[in-house]
Amino acid sequence: MFELNPALDRDSVLVGHFSLCQLRMINDAQFPWFVLVPQRNNITEIYQLVEEDRQQLMTESCLLAETLHDAFSATKLNIAALGNQVPQLHVHHIVRYKTDPCWPGPIWGEIDAIPYEKENLAEILQKVQSLLSDDLTLPSDEAELYY
């Protein structure tokens, strides 16, 4: 059974499931920020995935990136798999704007997160879920949507 790292669970909300990855949204209203988490235990690096899973991760990442870029009119997308603080493999997809508080630098460790208001969180979740509805399985339990 797949186990999500507690830090990812604490800092994000489940958006839905692709065939390989959980799609989660980081609770920071300053950036539309999502992570793909391959549902494989004991994986810290992309190369550790079997070839089929590596290809599926790329497919899901590209689909998510294109969707986010278009839906949020991004200036740039930052896509990265760092894992320095959370070793479980997860791939960040962060929508960036020239007007965001960290532009043009990285966002990690620069400013404190500002949690979403419940209404804004629900609005963004619904938007992304709707745009990805052909490829994303939504959480079955309403309680999974909010923390």
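One-based numbering along the sequence shown. Computed over heavy atoms, backbone and side chain alike; hydrogens, waters and symmetry mates excluded. Just so you know, these numbers come straight off a predicted model, no measurement behind them.
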Quick one: does Glu60's side chain have a donor or acceptor within less than 3.5 Å of a partner on Leu36's backbone?
no
Give every donor-acceptor pair under 3.5 Å between a side-chain atom in residues 86-94 and any protein atom, sequence neighbours left out.
unit_1, atom_1, unit_2, atom_2, d
Gln88, OE1, Asn5, N, 2.7
Gln88, NE2, Glu3, O, 2.9
His90, ND1, Gln88, O, 2.6
His90, NE2, His92, NE2, 3.2
His92, ND1, Trp33, NE1, 2.9
His93, ND1, Val91, O, 3.1
His93, NE2, Ser61, OG, 2.8

Between Glu45 and Gly83 (side chain of the first, backbone of the second, donor and acceptor by atom type, cut-off under 3.5 Å), is there such a pair?
no
Count the heavy atoms of every other residue, nucleotide or ligand shown that sit under 6.0 Å from CG of Asn42, and state whether that count exceeds 12.
no
Judged by atom type as modelled, is there a donor-acceptor pair below 3.5 Å linking the side chain of Ser130 to the main-chain atoms of Gln126?
no
Heavy-atom nearest pair, Ser19 first then Gln56, reads OG-NE2, 3.0 Å
Residues which pass salt bridge (charged side-chain N to carboxylate O under 4.0 Å, His left out) with Glu51, listed by chain and number, not counting sequence neighbours
Arg54
Would you check if the side chain of Glu110 reaches a backbone N or O of Pro106 as a donor-acceptor pair within less than 3.5 Å?
no
Heavy-atom closest contact (Tyr116 atom, Ile26 atom, distance)
CE1-O, 3.6 Å
same_hphob_cluster(Phe2, Leu8) at 4.5 Å side-chain heavy-atom cutoff:
yes
Between Ala113 and Asn27 the two heavy atoms that sit nearest each other are CB-O, 4.1 Å
Mind checking whether Leu131 and Leu23 sit in one hydrophobic cluster, side chains of I, L, V, M, F, W, Y counted as touching below 4.5 Å?
no
What heavy-atom pair brings Pro139 and Gly16 nearest, and what distance separates the two atoms?
CD-CA, 4.0 Å
Judged by atom type as modelled, is there a donor-acceptor pair below 3.5 Å linking the side chain of Asp100 to the main-chain atoms of Tyr97?
yes
Please report the closest heavy-atom contact between Leu14 and Leu125, naming both atoms and the distance.
O-CD2, 4.3 Å
Closer than 3.5 angstrom, by distance alone: can the side chain of Arg24 be matched with the main-chain N or O of Asp11 as a donor-acceptor pair?
no
Tell me the closest heavy-atom pair linking Gln129 and Val15, and the distance in Å.
NE2-O, 2.8 Å
One should read off an interatomic distance between Leu68 CG and Leu132 CG, to the nearest 0.5 angstrom, of 7.5 Å
